[in-house]
Amino acid sequence: RASDLISEGLTPAEAARRARAEFGDVDQVSAGLRDIDQRILTNRARTEWRSVMKDEIRLALRRLARQPAFTIPAILTLALGLGATTAIFTVLDAVVLRPLPYANADRLVYIDTPMPGMEKDTRWWLGRHEMFYFKQNARALEDLGVYHMGELTLTGEGGAAAQRISFADVSSTLLNVLGFKPYIGRLITPEDNVSREWQVGLLGYEFWMSRFGGDRSIVGKTIPVEGVALQIVGVLQPGATLPDATIDLWTPAYVDPKMPAANNHTWLGIGRLRPGYTAADLERELRPLIPRFPEIFPTAYTAKWMKSTGFSV
């Protein structure tokens with residue numbers, strides 16, 4: 001090609017440069033050819049392996065069929081062993097090996113309330129007033145958020161069918177604790193949390209794509225949820241989920257710091273530790289706060305009730 005270009009009047013250097021540009025990246029072409037070779041070798045090896053395994057399995061089955069007294073106990077033993085191993089690994093993978101899908105996940109803590117004075121292993125969740133009290137008095141706690149989960153009905157809009165969807169009623173601080181960002185629009189704010197009634201909501205990215213086809217104009221529009229016209233203010237980033245559930249719709253919980261305390265511990269709580277602190281540090285800071293509940297929240301707790309239930313954190 002360079003010779004042709006020279007005959008057309010280009011200098012040798014320019015002709016060589018033009019020819020190389022038309023041919024493409026030599027390293028890239030070489031890598032592509034090596035990849036093709038490797039795929040051929042891999043497929044050949046797989047074919048040979050399948051053939052060998054097929055022959056070996058056929059031979060093994062014939063031998064086992066001749067010795068049923070050995071075969072049946074052996075199969076049962078293997079099944080039990082493999083089942084137990086798989087179950088244990090599944091739990092370890094989910095709880096220990098696989099990291100939570102959040103930034104600085106090692107600083108996240110789950111906070112609840114053991115009640116040893118009640119039935120064995122009774123544990124309550126958090127009260128909304130505790131969120132503010134703990135944040136103000138525990139230095140180890142960078143932030144704390146609370147949430148409820150459930151299902152509700154998105155009634156049909158524009159001819160669409162009604163649909164049961166998952167939702168989470170959340171404090172704005174929870175989105176901060178989990179490090180969520182809006183894909184479009186904005187997040188729930190503290191101002192949204194002081195309303196007793198739902199007025200705004202966020203869509204989960206996956207639900208936004210499946211129900212609304214990724215329509216960006218959804219921000220600012222209202223959708224009918226359980227008879228309430230909910231204004232959508234944003235869509236969360238892809239993959240934004242709770243540790244224990246995938247959420248379609250996120251709504252602002254009523255968590256006004258001015259609201260009176262109530263002994264209804266029905267909110268799940270997730271906190272984020274400050275850098276350099278551990279969960280044990282946070283427990284040491286929270287423990288002495290609990291005996292003060294009858295003094296700080298006299299309408300919700302009595303010293304007698306606290307002692308009889310063994311209320312702790």
Contact between [X] and [Y] at the side-chain level, heavy atoms closer than 4.5 Å - yes or no?
X	Y	value
L174	L242	yes
Y102	F180	yes
S172	D192	no
D256	N193	no
T251	V170	no
L236	I247	no
I6	T11	no
L108	V177	yes

Could you give the distance from [atom1] ([X]) to [atom2] ([Y]), rounded to the nearest 0.5 Å?
X	Y	atom1	atom2	result
L154	Q163	CG	CD	6.5 Å
I232	S217	CD1	OG	12.0 Å
E226	T153	CD	OG1	4.5 Å

For [Y], is there any backbone N or O sitting under 3.5 Å from a side-chain donor or acceptor partner on [X]?
X	Y	answer
T122	M118	no
T309	M115	no
E206	G239	yes
T47	N43	yes
R216	I184	no
N137	F132	no
S195	E197	yes
S171	G145	no
Q199	L230	no
R107	L273	yes

Evaluate the salt bridge (Lys or Arg N to Asp or Glu O under 4.0 Å) criterion for residues D281 and R284: first the C-alpha distance (whole Å), next the side-chain angles of each, then the deciding distance (0.1 Å), finally the verdict. CA-CA 5 Å; D281 294 330; R284 280 193 293 271; 2.3 Å; yes
Pair [X] + [Y], salt bridge at N-O below 4.0 Å:
X	Y	answer
R44	E48	no
R62	E56	no
R58	D55	yes
R123	D112	yes

Checking T173 against N176 for the side-chain hydrogen bond (donor to acceptor under 3.5 Å, both in side chains) test, could you report, in this order, the C-alpha distance in whole Å, the side-chain angles of both residues, the deciding distance, and whether it holds? CA-CA 5 Å; T173 52; N176 178 56; over 6 Å; no
Of all residues at least two apart in sequence or in a different chain, which pass the ring pair (Phe, Tyr, Trp, His ring centres under 6.0 Å) check with [X]?
X	result
Y133	F293, F297
W125	none
W208	Y183, Y205

Within the supplied structure, the quantity of interest is the number of heavy atoms (other residues, nucleotides, ligands) at a distance under 6.0 Å from [X] [atom1]; does it exceed 12?
X	atom1	answer
E119	CD	no
R139	CZ	no
I72	CD1	no
R274	CZ	yes
F70	CZ	no

In terms of the angle between their ring planes, are F207 and F212 parallel, tilted or perpendicular, with boundaries placed at 30° and 60°? perpendicular
Geometric class of the Y301/H129 ring pair [parallel <30°, tilted 30-60°, perpendicular >60°]: tilted
Transitive ILVMFWY cluster of Y277 at side-chain heavy atoms under 4.5 Å: who else is in it? none
Within the 3.5 Å criterion, strictly below it, is a donor on [X] or [Y] matched to an acceptor on the partner's side chain?
X	Y	value
S166	D248	yes
D169	W198	yes
T189	E191	yes
N264	T266	no
S7	D4	no

Sort and list the pairs that fulfil side-chain hydrogen bond (donor to acceptor under 3.5 Å, both in side chains) and have at least one residue in residues 66-77, not counting sequence neighbours. none
side-chain hydrogen bond (donor to acceptor under 3.5 Å, both in side chains) contacts touching residues 230-242 (sequence neighbours left out): none
Do F311 and H265 have their ring centres less than 6.0 Å from each other? yes
Compute the ring centroids of Y147 and W250, then answer whether they are less than 6.0 Å apart.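 No, ring centres 6.0 Å or more apart.
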